[in-house]
There are 2 protein chains.
Amino acid sequence: MGRWEPDARGRMMRAAIELFTERGYEQTTAGDIAGAAGVTERTFFRHFRDKREILFDSSDTMGRNACEAILAAPDDLAPLDTALAGMVAGGALLTGRRDYSRQRAEIIAANPALRERELLKLARLTEGVAEALRARGVPEPTASLAAHTAVSVFHVAFGRWVGDADAPDDLADCIAEAAAVLRALT
Amino acid sequence: MGRWEPDARGRMMRAAIELFTERGYEQTTAGDIAGAAGVTERTFFRHFRDKREILFDSSDTMGRNACEAILAAPDDLAPLDTALAGMVAGGALLTGRRDYSRQRAEIIAANPALRERELLKLARLTEGVAEALRARGVPEPTASLAAHTAVSVFHVAFGRWVGDADAPDDLADCIAEAAAVLRALT
DNA sequence: CTAAGCGATGACAGGCACTGACATCGCGTG
DNA sequence: CACGCGATGTCAGTGCCTGTCATCGCTTAG
């Protein structure tokens, strides 16, 4: 746990989850997390723009993965199916981390400021998906509409995956089920 | 502008818009706003939970008005129409304040933290609308779906109202136009 | 083998957002 | 007129976040 050990970022993220679970988000200072990871508070803020951001690293990588998958999808796939495929691809990086996701979701649900940040991340994800669809030639407003819909489906599916013990083990299955419910609405 | 003049809250809100427009949101401290309104920083935080909140007073009252209107709507009105009527009723308190709304929108658009707060307000509005619909007997998931749709329509219409010089002067007309576009999508 | 270069970190100072505790002011009420 | 009550002022303190500069450890050219 020395100062110059590698993976300071990973150590901080793990320490944060642990401390937030133990004493709560507001009762944990950025300095506490840094200390638990063997670095200083200054290093914390070099890796994360703000205290909340340490919980949303996976959101960013998921967004990147989703966009890549959308751009790489077959040309003849319908816009909504493309966007949903992006959600599945983005969700793949959570495979085998259901417990972690549950813990993280519990922390976020308990704090309004964190829910606010989650909304921002979802909005950014939506915008990224819409942009990727447009890059494939999907016109507006279809692109935005499909993006909104796909992200909503992901949101619902993810919520069930972490909160409902009866939900499928595979997040992709949860997404498929939510998408089926959506189509049944039409 | 003495300390014990009435309407300290209103004075602070007006001073905030002015200062934010002049030097920007981040370059204006809560103490600056309070000082311009003739009160102390402590009084600022007694009236507003945090610095951002001073820009979202109208969001809260709009939510209340919208819910009241939804609960008071005729029984035979369809869920989506009811929700949209709520949006029109909520938007009514902005009548004659288009310039103010424009100024406020510009401030929010220039600052990520403020856009984040706006997303939270929209999410809360959506939840409130959904709850009001449920209170009228609209079942899930229709209530949530109609709420999401209506708030999205409002969001788009409001954006046009403040950003597009060609948009109708009456926000209600903007909402009606956006709703028409939505129905054309189906 | 050594020294220079470079990215990551530490150390320190400081500003601003926000809070708790207590004193004070102005106003309505008995 | 005394009293209570709500709004405000005052002060001290914590935590988030940033700028600046020194330092560390690894890499690479010589």
Side-chain angles (χ1 to χ4, degrees), chain A residues 1-20 22-57 60 107-108 110-118 120-121, chain B residues 1-20 22-57 60 107-108 110-118 120-121:
Chain A
M1 290 270 286
R3 296 178 169 168
W4 302 94
E5 297 289 319
D7 196 26
R9 187 186 183 86
R11 272 180 290 146
M12 284 191 282
M13 292 194 297
R14 283 185 291 275
I17 290 276
E18 192 169 335
L19 290 174
F20 290 162
E22 275 176 20
R23 3 172 171 155
Y25 175 79
E26 294 189 336
Q27 284 65 47
T28 306
T29 73
D32 291 339
I33 300 168
V39 295
T40 63
E41 186 186 351
R42 192 65 185 85
T43 294
F44 180 101
F45 287 109
R46 280 203 183 89
H47 281 272
F48 306 101
R49 216 173 327 112
D50 57 56
K51 185 185 166 191
R52 286 177 266 172
E53 203 67 12
I54 198 172
L55 280 173
F56 293 91
D57 192 79
D60 295 344
I107 296 166
I108 293 173
N111 190 287
L114 293 173
R115 276 189 288 173
E116 195 172 356
R117 176 57 51 87
E118 191 174 36
L120 182 65
K121 293 297 183 184
Chain B
M1 289 268 286
R3 298 176 167 167
W4 301 95
E5 297 290 320
D7 196 25
R9 186 185 184 87
R11 272 181 289 147
M12 284 193 280
M13 292 194 296
R14 283 185 290 275
I17 289 277
E18 191 169 334
L19 290 173
F20 290 163
E22 275 176 20
R23 5 171 170 155
Y25 175 79
E26 294 189 336
Q27 284 65 47
T28 307
T29 73
D32 292 339
I33 300 167
V39 294
T40 63
E41 186 186 351
R42 192 67 185 83
T43 293
F44 179 101
F45 288 109
R46 281 203 183 92
H47 281 272
F48 305 103
R49 220 174 326 110
D50 57 54
K51 186 184 166 190
R52 285 177 267 173
E53 204 67 13
I54 198 172
L55 280 172
F56 292 91
D57 192 80
D60 294 344
I107 296 166
I108 292 173
N111 190 286
L114 292 174
R115 276 187 290 172
E116 196 172 356
R117 177 56 53 87
E118 191 174 36
L120 181 66
K121 293 298 183 185

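Fair warning: this is a prediction, and the values are worked out from it, not measured in the lab. In what follows, chains are A, B, ... by sequence order, proteins preceding strands, each numbered from 1.
The CZ-P distance, from A:Phe48 to C:dA8, rounds to 14 Å in whole Å. The distance from atom CZ of A:Arg49 to atom C1' of D:dG19 is 18 Å, rounded to the nearest whole Å. Atom CZ in A:Phe44 sits about 18 Å away from atom P in C:dA11, given to the nearest Å. When the P atom of D:dA7 is taken as reference, atom CZ of B:Arg9 falls 12 Å away, rounded to whole Å. Spacing between atom CE of A:Met12 and atom C1' of C:dT9 amounts to 10 Å, rounded to whole angstrom units. The distance from atom CZ of A:Arg42 to atom C1' of D:dT23 is 15 Å, rounded to the nearest whole Å. Atom CZ in A:Arg52 sits roughly 12 Å away from atom C1' in D:dC17 (whole-Å rounding).
Under the ring pair (Phe, Tyr, Trp, His ring centres under 6.0 Å) criterion, A:Phe45 pairs with no residue at all, not counting sequence neighbours.
Between B:Glu116 and A:Arg52 there is a salt bridge, since at least one side-chain N of the basic residue sits less than 4.0 Å from a carboxylate O of the acidic one. The residues A:Glu53 and A:Lys121 are annotated as salt-bridged, a charged nitrogen and a carboxylate oxygen being separated by less than 4.0 angstrom. With salt bridges taken as basic N to acidic carboxylate O contacts below 4.0 Å, one links A:Asp7 and A:Arg14.
Note on B:Thr43: every side-chain N or O is 4.0 Å or more away from OP1 and OP2 of D:dA7. Phosphate contact (OP1/OP2 of C:dT9, side-chain N/O of A:His47, threshold under 4.0 Å): present.
Between B:Tyr25 and B:Ile108, every side-chain heavy-atom pair lies at or beyond the 4.5 Å cut-off. Between A:Asp32 and A:Arg23 there is a side-chain heavy-atom pair separated by less than 4.5 Å.
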Anything under 3.5 Å between a protein N or O and an N or O of nucleotides 13-16 of chain D, put it in a table, one pair a line.
residue, atom, partner, partner atom, Å
D:dC16, OP1, A:Lys51, NZ, 3.0
D:dC16, OP2, A:Ala30, N, 3.3

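For A:Arg46 against C:dG7, a side-chain-to-base donor-acceptor contact under 3.5 Å is absent.
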